[in-house]
Amino acid sequence: MAGRLTLEEVIGILQPLRGGGAVPFRTAIGAVTTDSREVTAGSLFIALPGTRTDGTEFVEEAFAKGALAAIVPEERAGKVSPALLAEKAVFVVRNPVEALGDLARAHRMRFREIPLVGITGSSGKTSTKELLVSLLSRGRRVLRNPGNRNNLIGMPLALLALSEQDDVAVLEMGTNQPGEIGRLASIAAPDIGIVTNIGPAHLAGLGNLEGVSREKGDLFRALGESGTAIVNATDLRVVREAGRCRAAKVFYGVALSEFSGRILSMDDSGMRIVVRTPSGEFSSDLPVSGEHNLANALAAAAAAYTLGMRPAEMENGFASAVPGRGRFQAIPLRGGGLLLDDSYNANPASMEAAIRGLQPLRRGRRVVAILGTMLELGAASPASHFRIGHLVAGMAVDRLITHGEEAEAIARGALEGGMDPDRVTHAPERERLLDTVRAEIREGDLVLVKASRGIRLDGIAETIAREWS
């Protein structure tokens, strides 16, 4: 297969501690996977150690399905039978996640001429990625990482699918520990970098806002002089990080930026926007609501323009974007109601954006906010949750229901902000949460559901959609 790494090249890249038996050196590898269920003939199976499942236990199964080779960690190599080690191409390495990244980088270098856009930020990464893909897909074949596969495992796996048939790659990059964005950027070698915003997210791992800024800014610093940083001019931390890189800068977000825009209209199904570019304007329907999604669209337009698209090509180019599940996803409810399922994840900035996004959609409807804990905020967690409660009280929310230990501070903040105690309920237990939701929602309500993914409010959103659609 053209452009695929051979086993000989894999060995050269990884320099394994020990190789396998009869290695067909010049054979090109097929798909690379960490899931034995996805193994097909010619695959390279990477056995990752895990807390619940250990990939090493599935090496024999992978070869039975036709795997060409397997990579296993040194600390777990003893679980592989001596016969398999002697007969098959089993490569022992110190760190299989690092090995995966090294392979993905080498593969990327084979297609260095294909432009690659890297996207990071405290919120809006996936939405910006999908909006950019929607624009670019009108005339180009686009590789992207699906869903939330944006970490040191998911992104390299997506990048390994890059081929000569692709015209451009758009890769989302996530982090919760220092150094991850730098590593992802070194693997992907982006030509264009977008930092959507910098806010208090993953503080437990990144320490404070300065730590978040440094981590997100590593994407900009990975760009060479020939690269382009797409800069959110409304976020001073993003602007500051952009100033620390050598790449050209393109600004979006405010009236004097190269890319700016406005919302023409908004309803339950989305909004109509106009975008101004250096070469004129274009307008488009956007299948999601909220001012924060206008910013995401501007970032996407700036990147598409940098890649050569012009307003005439981008006209109505956002209309085909598919809103990510649980990302301010609008679901009609009976009686003219609307569910805004934003349960995929949450941090203080995205929580505030979601709550403010309720107001243009209110239109006389009663507003019910079901808010859960925002995880990974470290020492900033109590104050961050309390401030969200104060915001809720000031936004004329009719009914507040909170869930999760740390989310109790949201309820306290709302009460401190003057919200009637009869309109605030903290439901620590799952059953009480579900009972409260069922008792409080009425026909015609505007309902927001939002929390960090680990709180599993997606199940509550599914119940509301099922019982009230």
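Atom OG1 in T120 sits 12.0 Å away from atom CG in L171 (nearest 0.5 Å). For the atom pair CZ of R26 and CD of E8, the computed distance is 4.5 Å after rounding to the nearest 0.5 Å. A distance of 12.0 Å separates CD1 in I153 from CE in M155, rounded to the nearest 0.5 Å. Taking CG of L298 as the start and CG of L131 as the end, the distance is 10.0 Å to the nearest 0.5 Å. Residue R240 holds its CZ atom at 12.5 Å from CZ of F220, rounded to the nearest 0.5 Å. E180 CD to L184 CG: the interatomic distance, rounded to the nearest 0.5 Å, is 7.0 Å.
R105 has no carboxylate O lying under 4.0 Å from a charged side-chain N of D102, or vice versa, which leaves the two without a salt bridge. With respect to the salt-bridge test (charged N to carboxylate O, under 4.0 angstrom), the residues E210 and R237 do not qualify. D191 has a carboxylate O that lies under 4.0 Å from a charged side-chain N of R108, or vice versa, which qualifies the two as a salt bridge. Using a 4.0 Å cut-off between charged side-chain N and carboxylate O, E462 and R466 make no salt bridge. A salt bridge links D166 to R141: one of the charged nitrogens lies within less than 4.0 Å of a carboxylate oxygen.
Checking side-chain atoms of H107 against main-chain N and O of R4 turns up no donor-acceptor pair under 3.5 Å. Panel note: side chain S350, backbone A346; no donor-acceptor pair is recorded below 3.5 Å. Distance alone, capped at 3.5 Å, is enough to place a donor-acceptor pair between the S43 side chain and the T40 backbone. S381 contributes no side-chain N or O that, together with a main-chain N or O of L377, makes up a donor-acceptor pair within less than 3.5 Å. A donor-acceptor pair is defined here as one N or O able to donate and one able to accept, closer than 3.5 Å; no such pair exists between the side chain of K129 and the backbone of R144. One N or O on the side chain of S284 and one on the backbone of F318 form a donor-acceptor pair closer than 3.5 Å. The backbone N or O of A247 sits less than 3.5 Å from a side-chain atom of K249, completing a donor-acceptor pair. Without hydrogens or angle criteria, N232 side chain to V195 main chain gives no donor-acceptor distance under 3.5 Å. Between the side chain of E87 and the backbone N or O of L84, no donor-acceptor pair lies under 3.5 Å. Within the 3.5 Å criterion, the main-chain N or O of S127 finds no donor-acceptor partner in the side chain of N296.
The two residues S320 and G317 make their nearest non-hydrogen contact at OG-O, 4.0 Å. A185 and L219 get closest at one heavy-atom pair: CB-CD1, 4.3 Å. Closest non-hydrogen pair, L100 versus L152, comes out as CD2-O, 4.1 Å. The shortest heavy-atom contact between M173 and A188 is CE-CB, 3.7 Å. Across every non-hydrogen atom of A303 and I194, the tightest pair is CB-CD1, 3.8 Å. Residues I181 and G174 approach most closely at CD1-O, 3.9 Å, considering heavy atoms.
With contacts defined as side-chain heavy-atom distances shorter than 4.5 Å, the pair I464/I370 qualifies. Taking 4.5 Å as the limit, some side-chain heavy atom of V39 sits within range of a side-chain heavy atom of T33. Taking 4.5 Å as the limit, every side-chain heavy atom of P323 sits out of range of all side-chain heavy atoms of R327. I401 has its side chain within reach of L433: a pair of non-hydrogen atoms, C-beta onward, lies under 4.5 Å apart. Contact check for L340 versus D342: no side-chain heavy atoms found under the 4.5 Å cut-off. In this structure the side chain of V90 reaches within 4.5 angstrom of the side chain of V72, judged on heavy atoms. Inter-residue side-chain proximity for K450 and L457 is flagged as unmet; no heavy-atom pair is nearer than 4.5 Å. The side-chain heavy atoms of M374 and M351, taken from C-beta on, include a pair separated by under 4.5 Å.
Between the side chains of S213 and E241, no donor-acceptor pair of N or O atoms lies under 3.5 Å. Between the side chains of E376 and H202, at least one donor-acceptor pair of N or O atoms lies under 3.5 Å. Defined by atom type and a distance below 3.5 Å, a donor-acceptor pair is missing between the side-chain atoms of S343 and D458. Using modelled atom types, one finds no donor on one side chain facing an acceptor on the other under 3.5 Å when comparing S123 with N347. T425 and T436 share no side-chain donor-acceptor pair at under 3.5 Å.
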Could you walk me through whether R438 and E467 pass the salt bridge (charged side-chain N to carboxylate O under 4.0 Å, His left out) test, one step at a time? CA-CA 9 Å; R438 284 175 167 148; E467 296 184 2; 2.6 Å; yes
Applying side chain to side chain contact (heavy atoms under 4.5 Å, CB included), run through F63 and F45 and close with a yes or a no. CA-CA 9 Å; F63 279 113; F45 174 61; over 6 Å; no
Going through the checks in order, is the side chain to side chain contact (heavy atoms under 4.5 Å, CB included) test met by L375 and E406? CA-CA 8 Å; L375 299 172; E406 293 168 87; 4.2 Å; yes
Could you go step by step and tell me if V437 and T463 meet the side chain to side chain contact (heavy atoms under 4.5 Å, CB included) rule? CA-CA 10 Å; V437 167; T463 297; over 6 Å; no
Checking salt bridge (charged side-chain N to carboxylate O under 4.0 Å, His left out) for the pair E408/R412: CA distance, chi angles, key distance, verdict? CA-CA 6 Å; E408 185 176 7; R412 287 192 284 105; 5.2 Å; no
Run the side chain to side chain contact (heavy atoms under 4.5 Å, CB included) check on N150 and K125 step by step: do they pass? CA-CA 10 Å; N150 61 14; K125 297 183 292 295; 4.0 Å; yes
Could you go through the salt bridge (charged side-chain N to carboxylate O under 4.0 Å, His left out) check for E172 and R149 one step at a time? CA-CA 8 Å; E172 175 185 339; R149 296 183 183 179; over 6 Å; no
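More than 12 non-hydrogen atoms from other residues, nucleotides or ligands lie less than 6.0 angstrom from CZ of R430. Around atom CZ of R37, no more than 12 heavy atoms belonging to other residues, nucleotides or ligands sit under 6.0 Å away. By the 6.0 Å contact criterion, CD on E60 is open, its count of non-hydrogen atoms from other residues, nucleotides or ligands being 12 or less. Remark: E291 CD is loosely packed, at most 12 non-hydrogen atoms of other residues, nucleotides or ligands lying under 6.0 Å away. Annotation: E38, atom CD; neighbour count of heavy atoms from other residues, nucleotides and ligands within 6.0 Å is above 12.
In this structure, Y305 has its ring center closer than 6.0 angstrom to the ring center of F259.
If you run side-chain contact (heavy atoms from CB on, under 4.5 Å) between P73 and each of L17, D54, T56, only T56 comes through.
Relative to the ring axis of Y344, R453 places its NZ or CZ within 45° and under 6.0 Å from the centre.
For A380, the side-chain contact (heavy atoms from CB on, under 4.5 Å) partners two or more places apart in sequence, or in a different chain, are L203, S384.
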